[in-house]
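This report refers to the structure that appears directly beneath it.
In what follows, every chain begins at residue 1, and chains take the letters A, B, ... in the order their sequences are listed.
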Number of protein chains: 2
Amino acid sequence: MNNENLKGHLDFLLLSVLATGPAHGYAVIESLRQQSGGHFDLPEGTIYPALHRLESQDLLKSYWQENFPRRRRVYELTPKGKKVLAQRREEWLAFSNAVNATAGI
Amino acid sequence: MNNENLKGHLDFLLLSVLATGPAHGYAVIESLRQQSGGHFDLPEGTIYPALHRLESQDLLKSYWQENFPRRRRVYELTPKGKKVLAQRREEWLAFSNAVNATAGI
DNA sequence: ATACTACACCTAGTATTACTAGGTGTCAAG
DNA sequence: CTTGACACCTAGTAATACTAGGTGTAGTAT
């Protein structure tokens, strides 16, 4: 699955997944796969740097869970992250409407 | 309008616009703006290299129109371009469905 | 006359992004 | 005791859209 067209929308997807509750990176990958019906099967090299980026932008915060049964870094939305998610959602709707209108869909 | 999220979908939009008939670069920009309801107001530095890329991939062919009233390079879809457009359309539908499912839309 | 705008094309360089391709380590199952 | 799933990480790469310039014509306004 070549997801070249994912660019610019990954943040929205990650924030959406984490809006349903805190999760660690590996679980985020699994959620993306399941919630998208298998469409988004993204490599770790995509997810982890993206989570770090979102955290550095103060949209996520994280903490280490030790021994449950493995150590995990759990991410959750910050208040700012929730606001940005709502904004990204509007942008996505506007974008997809614009594409549909342009393509006659 | 920051169109960072356009990445990976521009080719689909250009092919879609040219599916309604041959057009030159400047007119493509105008069509994109109008058909998208003003959402896609793309700079020339985006459009021209993209058209060249699509032509080099044999999805478009072009010819010069001299003095009508200015010289223009007119682009149209090749047969391969039409096939790829149909494919890109399916990919877009699958992608947008997957995003909507993931985001709970 | 001349400045300005719209039309019409072009490209070198930049920033951002997602991905590739590696790496570390734990734990359970066979 | 090795394999595979779990779980994390990052340096470097390729692709993409954009910025910021450039050229030139035609028409309109001052």
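- In terms of modelled atom types and a separation under 3.5 Å, the side chain of B:Ser36 and the main chain of B:Leu32 share a donor-acceptor contact.
- Taking atom CD1 on B:Ile47 and atom P on D:dT16, their separation rounds to 14 Å, with Å as the unit.
- Minimum interatomic distance between A:Arg89 and A:Phe12 (heavy atoms only, all atoms of both residues): CA-CE1, 3.6 Å.
- One atom, CG of A:Leu51, and another, C1' of C:dT17, lie 15 Å apart when rounded to the nearest Å.
- Note: CD (B:Gln65) to C1' (C:dC7) measures 14 Å, nearest angstrom.
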Item to check | Annotated protein contacts, base or backbone, on nucleotides 4-12 of chain D with a non-hydrogen cut-off under 4.0 Å, one of B, S, - each | outcome: -BBBBBB--
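- Hydrophobic clustering (ILVMFWY, side-chain heavy atoms < 4.5 Å, transitive): B:Ile47 and B:Leu54 are in one cluster.
- With a 4.5 Å cut-off on side-chain heavy atoms, B:Phe40 and A:Thr102 count as touching.
- The nearest whole Å value for the distance from the CZ atom in A:Phe12 to the C1' atom in C:dT16 is 20 Å.
- The base of C:dT16 is paired with the side chain of B:Lys7 by a donor and an acceptor separated by under 3.5 Å.
- Side-chain atoms of B:Lys80 come within 3.5 Å of backbone N or O of B:Gln57 as a donor-acceptor pair.
- Note: A:His9 and A:Trp92 have perpendicular aromatic rings, judged against thresholds of 30 and 60 degrees for the angle between ring planes.
- Between B:Arg53 and D:dA17 there is a side-chain polar atom (N or O) within less than 4.0 angstrom of OP1 or OP2.
- Taking atom CG of residue B:Leu10 and atom C1' of nucleotide C:dT17, one finds them 16 Å apart after rounding to whole Å.
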